[in-house]
Every structure is written in C-alpha cells, then in structure tokens.
Amino acid sequence: MSRMAAKEHSRETRPAYGPLGPGHEPVKDPMQGLSGVLSGTLVLEAITVFLILLVVLKVDEGAHWTTFNWVYITVLGAAHLVMAFFQRVPGALWINLALQIPLILGFFVHWSVTAVGIIFGIVWFYIVKLRSEMAQRMRGGYLVTQHLGSSADPAR
C-alpha cells in the first residue's frame, strides 16, 4: 500500500475530532438551551396563529368566519401554546414538526393559514438544521465547553 493510500485509509477509520480531541460531556448541555429556543418559537407561532383569527374575521367582510374555521385556528394556536411548556418531554420536537402539517394544509380555511404554515415550516427546518449541526459538533469535540477543566484547557 502506498503512503498516500495508507494516509487516506487512516482518515477513514478514525473519526474526525477537533484540534483538542473528542473532549468530554459539555459543562452545560447545549440541547437544554435549545429547548428554550423551541419554546420561544412555539409561543411566537401561537401568537401568529391567533392573529389569523382577525384575518378570517375581517377579510371578505367575514365570509370565512364559520364555526369550523375559528375553532380550527383556535385549537391550532392553543396546541402550539401548550406544547411550548412541554419541550423537555422526549419526542417534543417531532410533535412540534407535526403541528406544522395542519397549518400548511389549512388553505381550506384561508390562504393566510397556509402562508403562516410555510413561513414557520422554514423556521422549523432551520432549527432542525442547527440542532443537527450542534449534535455533529458535540460528537467531534468542537464545543469549547467539552474541554473546560481538562488538560487541554489553556486556563489551567
């Protein structure tokens, strides 16, 4: 085996760690901080969903204001608000993502429901992407808090 092939083979077999190595568990768990971001996003989304009630009431002189429509929007907003308090529950992220489906499919109520669903769908995609990136960095030992108090800590 040539020297170049041996070097590439060694890169493939060992995981890619940061310059200070794999580190240990972070001093403060960044995933717990993420639950605050998830809760805040759900509260903002609940407020936005409740504001759709005004759109349905005022647009087209209230032609879309039916019992089904306002109950549908109110239940969606309440579900978002309730889920904001349950972000430490396992699987809460999946429930948050599932709450986007009735919003995106809410065009039968009014197109503004779908518009809000698409906008917050993009926000949730970004949050999931950031969560994935953070988990990947934790596996590689790239977080500073994974090296605090160790021999690699320059303050020691």
### Donor-acceptor contact present, side-chain T114 to main-chain I104, <3.5 Å
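Here the side-chain-to-backbone pair exists.
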Given 3.5 Å as the limit, does a donor-acceptor pair link the side chain of S132 with the main chain of V128, or not?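 Side chain of S132 to backbone of V128, a donor-acceptor pair under 3.5 Å: no, none is there.
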Roughly how far apart are [X] [atom1] and [Y] [atom2], rounded to 0.5 Å?
{"X": "M83", "Y": "L99", "atom1": "CE", "atom2": "CG", "result": "6.5 Å"}
{"X": "R131", "Y": "L34", "atom1": "CZ", "atom2": "CG", "result": "7.0 Å"}
{"X": "N96", "Y": "L38", "atom1": "CG", "atom2": "CG", "result": "6.0 Å"}

- Message: Is it the case that over 12 heavy atoms from other parts of the model lie below 6.0 angstrom from the CZ atom of F125?
- Response: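 No, because the 6.0 Å sphere around CZ of F125 holds 12 heavy atoms or fewer from other groups.
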Exercise. Under 6.0 Å from the CD atom of E133, do we count more than 12 heavy atoms belonging to anything else shown?
Worked result: yes
Hydrophobic cluster membership, with links at side-chain heavy-atom distances under 4.5 Å among I/L/V/M/F/W/Y: are [X] and [Y] in one?
{"X": "V116", "Y": "V75", "answer": "yes"}
{"X": "V113", "Y": "I119", "answer": "no"}
{"X": "F68", "Y": "W111", "answer": "no"}

I73 versus W70: any side-chain heavy-atom pair under 4.5 Å?
no
For I118, the rest of its hydrophobic cluster, which grows through side-chain links under 4.5 angstrom
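Listed partners: I122.
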Apart from L130 itself, members of its ILVMFWY cluster (side-chain separation under 4.5 Å) are Y126
Specify the closest pair of heavy atoms between [X] and [Y], including all atoms of both residues, with the distance to one decimal.
{"X": "S35", "Y": "R88", "value": "OG-NE, 3.4 Å"}
{"X": "A84", "Y": "S39", "value": "O-OG, 2.8 Å"}
{"X": "Y72", "Y": "P102", "value": "OH-O, 2.6 Å"}

(message) Can you classify the ring geometry of H110 versus H64 as parallel (below 30°), tilted (30 to 60°) or perpendicular (above 60°)?
(response)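 Perpendicular, since the angle between the ring planes exceeds 60°.
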For residues 42-57, which side-chain N or O atoms pair as donor and acceptor with protein atoms under 3.5 Å away, sequence neighbours left out?
residue, atom, partner, partner atom, Å
E45, OE1, Q100, NE2, 3.2
E45, OE1, W124, NE1, 2.9
E45, OE2, H80, NE2, 3.2
E45, OE2, Q100, NE2, 3.1
T48, OG1, L44, O, 2.8

